[in-house]
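Taking it in order: structure first as structure tokens, then the write-up.
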Amino acid sequence: MKLTVNGTEHEVDADPNMPLLWLLRDLLNIKGPKFGCGVGACGACTVLIDGYPVRSCSYFAGDVDAPITTIEGLAGKDALHPVQDAWIRHGVPQCGYCQAGQILAAVALLQDTPNPTDDDIDAAMTNLCRCGTYPMIRAAIKDVANSDGGGL
Amino acid sequence: MSTLGKITRRTFLGLGAAAAGGLAVGYYFYQTPHANPLEDNASAGDAIFNPYVFVSAAGAITIITPRAEMGQGVQTTLAALVAEELEVTLDQIAVDHGPASSAYYNEAVMVDGGPFASFDQSLLANTARETMAVASKFIGIQVTGGSSATIDAFDKMRRAGAAARMVLIQAAAQTWNIPAENVSAQHGHLINKTTGERLPYGDVAELAAKLPPPEDVILKKPEDWKLLGKPQKRVEIVEKVTGAPIFGIDVELPEMRHATVRMSPHFGVGARTHDATAALEVPGVEKVIPLQTQYGSGFAVIATNTWAAFQGAEALDVVWQDATYPTNNDAMTPLFDRALEEDASFTLGSTGEPDEVWRNTPPNRQLEVTYEVPYVAHATMEPMNATAQWRENELHIWSPNQAPTIIQGVCAGHFDMKTDQIKVHTTYMGGGFGRRMEADFSLFAAIIGQHTNGRPVKVTWTREEDTRHDMYRPRAKARYRGTLSDDGHLTALDVAVAVPPLIKNTLARTFPGLPVAGPDKLLLEGAYDQPLTVPDRRYAAHVVDLPIPIGFWRSVGNSYNGFFHESFLDEAAHKAGKDPLHFRLDLMNDNEHAPAKRVLLKVAEMADWGAPMPEGKGKGLAHTLSFGTWVAQVVQVDTSQQQVRIEKVWCAADPGLVLDPANFKAQLISGAIFGLSQALGQEITFTDGAVDQGNLYDFDAMRMHQSPTFEVALLETSPRMGGAGEPGTPPAPAALANAIFAATGKRLRTMPLSKHIDFT
Ligand code: FES
Ligand code: FES
């Protein structure tokens, strides 16, 4: 099967029923998407497919029909993505394990809704953070929304 | 204050008793420093100053921060202690956890292991602390826990930085042939004060490291600090926003195999029969092997990828032996009830005659209530995992862990090896909360590694396996009795807590054969050691024997005693017709209690305590002193809709000294969310001897839409330094229950509170 991840095309020999998460982590050595629950309940495995956030643990690799972006592919050549920068400014990560998923969920939210309300943030940011970084995540998202030109 | 109660020198608890026993033979070794573990692992040209600082031939400075980074920011704060004295900034250095070694023993975690309140400065308490300090060096356990890391490192690591700075200055002075007074150290450079000439540290490091270490190390004055006391950017922040492979689960080695485990759901027994045919038919599965350890019995499935291993484990057909303990929750309940009826196992901090006061108080001024908490799991974000490889007679383990020397000890025992044949590589970890103090997942990987022909094997647990094979925060039930004077003061307090024994349970699997003696203060911490001037009081532990594995869960005994104690003070205040703030302040009359009063008054001011609230809203207050940090919280709830919303948390904390205010605040928020998460539905229950819950859909934690806003203030008045990682947790559930009472008049005494009321 053919997959495009972060702009690179991969030819992979795998069971199409393999969850995308394990294909990325174990077969392609792309470790940004994390395993947290395996049942779509935590969001640590979030990747963007065609810009939409998808929980890759619960997505068959064989169903992927558009380019994938993982956290590794988010930054530009010379600069981090504005959401990553905001995460640093607000000191969001603690253990950091959930943060690849949180950042990608935030990127998708801000692309869709450049100036999200608290309710928008509650509705879109459903990923678990066991370290309780929610107040910092909320502040960082609003910071990106309020920066020059609003949003991304 | 000095409440000695029934404590004598012979009744030091658990670890301490064993450690003190070793002292007679150990004192000689105490005087000899531990070997510097960096010497063994050095590259050519490395200039090694001490176990915390080395400079490579190319001039790169590395600081060893030998405590586990699990999100609490410890590596950044520890690096700042060294960097401050070394006169470098954090972007000029690399940080490394370093090898497992007794040289990195944690003294602070043991110094306060004795059964004394942290503010107890009596001769007995201080003698115990000194004894433990010596003992901690003798047993040399490298561990991250008990919110102790910065307290332990505060002197040690500043001295390491200063000692390196002093020899660097001396080496530069020799090079320039000028007196050392004419050389200063600034921003990674040595400056010739007369000529203004500058040398980077790397240029004289080799020479400097050969000079004898200074005898009198001079530390900077706090007013001269450039890094300490100011917020620092985490040293690993870029890795954490770019998805760098820094966690245990990300370890990737050539020819690596992937595995998972399926352990007996019934603790203490193994399989009756099993059939691996279906498991071995899963494409990618290579082997199924049995596992038998003090942590449990079961099977491992080895495969070419994690998904295949997971499928294989599921396909494994096993009939497990029956559990040998009461097999469901209801059957366990009588054990707790009965324990409360029986004589206490031990008491701590007791004084006066609470029974007599009770008898002599009219029933309308007596208050007797019971509280309960269930078993709860740690549910770290990163499920348990470890990678192992056998190389000739060395065992290498890559493990996201909080206690590398314990892994060495447990593996050495299992394989009959020397600890120095076991190399533990500590990775970053996706949460720890006490779960990663345990060696089970590392030992399993090591055993499985014996079946992969010298190839490394990464063993990843499913979330289900992680939830069902935890060392849980124990279930506990407490009976509180109090009496009030006719003017509404608490005159007597009688606390009885039925709970399984933490130290005994932990030591049995970690150091089998080690004798355990004395009271286990963890069972009563958060109650007996709180600032409270009540003349007649008793704190009694009633130990419940149940073989469910239990362990250290963020804030340990404080996590449940904080809920009981602070709920009870609120109930007593309401019964006395007093404001819960003033009721508490009236009970804190010793000088040592001053920080508690200050954080209570501060949080009351921040939260506008006492201001009228709209219908359906309410505020609750709680205070717990734990790990040396005094924390008062006010929680505000809105109950006017169908579901209760936790709107806001105000928090005032006094740890004496704050090394990084941004990180300290983040830890208090994190701790409070961890505590509140319990209330929202966390509960581990049993059916037929097995844990009912398996994944986040039945054991979840607080989410964004449930998260309150926070306002945090830090005070620095306490005479001793306190920890950061845990003290935010204990008061939160009580403050929440007290807020719900204030809003609704409904008193909730059983966790999770969600059993009685719906939350958003
Ligand atoms: S691992 Fe995919 S949602 Fe949890
Ligand atoms: S930062 Fe640790 S789980 Fe989110």
Apply the test side chain to side chain contact (heavy atoms under 4.5 Å, CB included) to residues B/Arg455 and B/Met256: give CA-CA distance (whole Å), side-chain angles for both, the deciding distance (0.1 Å), then the verdict. CA-CA 6 Å; B/Arg455 292 193 180 106; B/Met256 187 172 80; over 6 Å; no
Does NZ or CZ of B/Arg554 fall inside the cone over B/Phe674's six-membered ring, less than 6.0 Å from its centre and within 45° of the axis? yes
Segment of [X] engaging chain A (4.5 angstrom heavy-atom cut-off):
X        : value
B/Arg703 : both
B/Asn305 : both
B/Asp466 : neither
B/Thr460 : side chain
B/Ala701 : both
B/Thr709 : neither
B/Met70  : backbone
B/Ser677 : side chain
B/Phe710 : side chain

Give, as side chain, backbone, both or neither, the part of A/Leu74 having an atom under 4.5 angstrom from any heavy atom of chain B. neither
Please check if any side-chain donor atom of B/Ser559 sits under 3.5 Å from a side-chain acceptor atom of B/Gln678, or the reverse. no
salt_bridge(B/Lys230, B/Asp660) N-O dist < 4.0 Å: no
